[in-house]
Amino acid sequence: MQTVEVEYYIDVAEAIRDLTGLDDFGGAACVGAPADLDVIDKYKEAGYSAISSNMEIDANIFKTICPGKEQICGGRDNWINALKHEVEVFGKGNVRSYFVAGIEPKSTLLEGIEYLTSIGVVAIPLQWLPNPGSELEGHRAPKTEWYQDLYLKTYNLLRQNGLTHLDFYRSTNAENSVFDYLYDSDGDVLPWERHNQEAIEFAS
């Protein structure tokens, strides 16, 4: 399965380069943690500038909540080793890992986020939405206040470990999130947002 994944991403990169003529096209590959960590280098060689391996959860229940990632991707320890290698290959701020926030205790989730941000991973918690038909259908996500506290603490960890708004954008390809607003409020505005603001101020 992992062989198919890397071949797919290489084919996509080649098609993008052929159509655009760009060797560096600013793409991010969202992949599983490979058993052979050297596979990660192939994504960089293909032209991707960022990579994402989403752990989803950082507690002893990884095996229960993410059985496919446990069986196919070598388990939690291999996932962490893959993220560390991705930082070596792609550089600090160019590696992302999303977490599903609300299943595990906030304390263990923040421990995982603190560790990953300290090694250069843009580790981001997302709100848990229990889907109909899933094993956790009928469970409830935590209250709004729980998420507000988690997002603020995560943002502080990102800043403390030198991960900028641009790092967040390059690794997530996301705008208009709570983290965008937090970065903006601290004056860390994306370059094109700054130009838009200056144009608005000039026009007014």
Side-chain angles (χ1 to χ4, degrees), residues 24-31 48-59 62 65-66 79-80 83-84 86-87 90-132 134 136 139-204:
D24 181 5
F25 51 83
C30 184
V31 301
Y48 292 98
S49 56
I51 193 167
S52 172
S53 294
N54 298 321
M55 277 193 69
E56 316 295 0
I57 197 160
D58 187 59
F62 182 89
I65 300 298
C66 304
W79 209 273
I80 292 172
L83 286 166
K84 289 164 67 175
E86 287 172 0
V87 173
F90 284 84
K92 176 181 177 179
N94 295 312
V95 178
R96 180 198 81 207
S97 190
Y98 280 147
F99 289 87
V100 179
I103 301 176
E104 65 180 299
K106 188 190 298 181
S107 59
T108 63
L109 177 55
L110 283 169
E111 285 175 9
I113 291 171
E114 182 175 15
Y115 172 71
L116 290 181
T117 55
S118 75
I119 64 170
V121 175
V122 179
I124 301 296
L126 302 176
Q127 184 176 348
W128 174 40
L129 301 171
N131 288 327
S134 72
L136 295 174
H139 288 247
R140 294 181 181 177
K143 294 182 178 179
T144 301
E145 294 78 11
W146 190 95
Y147 283 105
Q148 289 174 331
D149 180 65
L150 173 65
Y151 293 154
L152 284 171
K153 287 176 176 173
T154 297
Y155 173 68
N156 287 332
L157 289 170
L158 291 166
R159 291 298 300 266
Q160 288 169 20
N161 288 295
L163 294 163
T164 67
H165 198 171
L166 192 57
D167 293 329
F168 172 82
Y169 177 77
R170 280 197 310 246
S171 60
T172 65
N173 292 320
E175 290 188 89
N176 300 318
S177 78
V178 64
F179 295 101
D180 281 301
Y181 296 120
L182 289 170
Y183 276 114
D184 285 344
S185 67
D186 273 342
D188 185 357
V189 181
L190 293 171
W192 51 92
E193 291 179 340
R194 188 175 299 111
H195 294 322
N196 290 342
Q197 287 179 347
E198 291 171 352
I200 291 170
E201 290 171 3
F202 178 78
S204 61

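Everything quoted here is computed from the prediction, not taken from an experiment. Just so you know, these numbers use all the heavy atoms, side chains as well, and skip hydrogens, waters and symmetry mates.
In this structure the side chain of Q160 never reaches within 4.5 angstrom of the side chain of T117, judged on heavy atoms. A heavy-atom distance below 4.5 Å is found between the side chains of L182 and L152. Between I124 and L158 the shortest side-chain heavy-atom distance falls below 4.5 Å. Annotation: side chain of L83 is not in contact with side chain of V87 (no heavy-atom distance under 4.5 Å). Counting heavy atoms from C-beta on, the side chains of L110 and L157 come closer than 4.5 Å. In this structure, the side chains of Y155 and V178 stay at 4.5 Å or more apart for every pair of heavy atoms. When side chains are defined from C-beta on, I51 counts as touching V31, because their heavy atoms get closer than 4.5 Å. Residues S49 and D24 meet the side-chain proximity criterion, which asks for heavy atoms closer than 4.5 Å.
Note: E111 CD to L116 CG = 12.0 Å, rounded to the nearest 0.5 Å. To the nearest 0.5 Å, atom CG of residue N161 and atom CG of residue N156 are 11.0 Å apart. With rounding to the nearest 0.5 angstrom, the NZ atom of K106 is 5.0 Å from the NZ atom of K153. Here NZ of K143 is found 14.0 Å from CG of D149. Values are rounded to the nearest 0.5 Å.
In plain terms, the two heavy atoms of T154 and A123 that are nearest each other are CG2-O, 3.6 Å. Closest of all the heavy-atom pairs between S171 and G93 is CB-O, 3.7 Å. A pairwise comparison of heavy atoms in A28 and N173 identifies CB-ND2, 3.7 Å as the closest pair. In terms of heavy-atom proximity, V121 sits nearest to R96 at CG1-C, 4.1 Å. A174 and D180 get closest at one heavy-atom pair: O-OD2, 3.6 Å. Between L136 and P130 the shortest heavy-atom distance is O-CB, 3.6 Å.
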| message | Would I103 and I57 count as a side chain to side chain contact (heavy atoms under 4.5 Å, CB included) here? Give the steps. | response | CA-CA 8 Å; I103 301 176; I57 197 160; 3.9 Å; yes
| said: Does T164 form a side chain to side chain donor-acceptor pair (under 3.5 Å) with D167? I'd like the steps, not just the answer. | reply: CA-CA 5 Å; T164 67; D167 293 329; 3.2 Å; yes
| task | Check the pair L150, L109 against side chain to side chain contact (heavy atoms under 4.5 Å, CB included), reporting the backbone distance first and the verdict last. | result | CA-CA 9 Å; L150 173 65; L109 177 55; 3.9 Å; yes
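Side-chain rings of Y169 and W192 approach one another, their centers coming within less than 6.0 Å. The aromatic ring centres of Y48 and F90 sit 6.0 Å or more apart.
Formation of a donor-acceptor pair under 3.5 Å by the H165 side chain with backbone atoms of Y183 is not found in this model. Side-chain N or O atoms of N94 include none that pairs as donor or acceptor with a backbone N or O of A50 at under 3.5 Å. Side-chain N or O atoms of W128 include none that pairs as donor or acceptor with a backbone N or O of R140 at under 3.5 Å. For the pair S97 (side chain) and M55 (backbone), a donor-acceptor distance under 3.5 Å is present.
Partner of Y151 under the ring pair (Phe, Tyr, Trp, His ring centres under 6.0 Å) criterion, chosen from F179, W146, F99: F179.
Within a 6.0 Å sphere centred on NZ of K84, heavy atoms belonging to other residues, nucleotides or ligands number 12 at most.
With a 6.0 Å cutoff to the six-membered ring centre and a 45° limit on the axis angle, R170 does not count as a cation-pi contact of F168.
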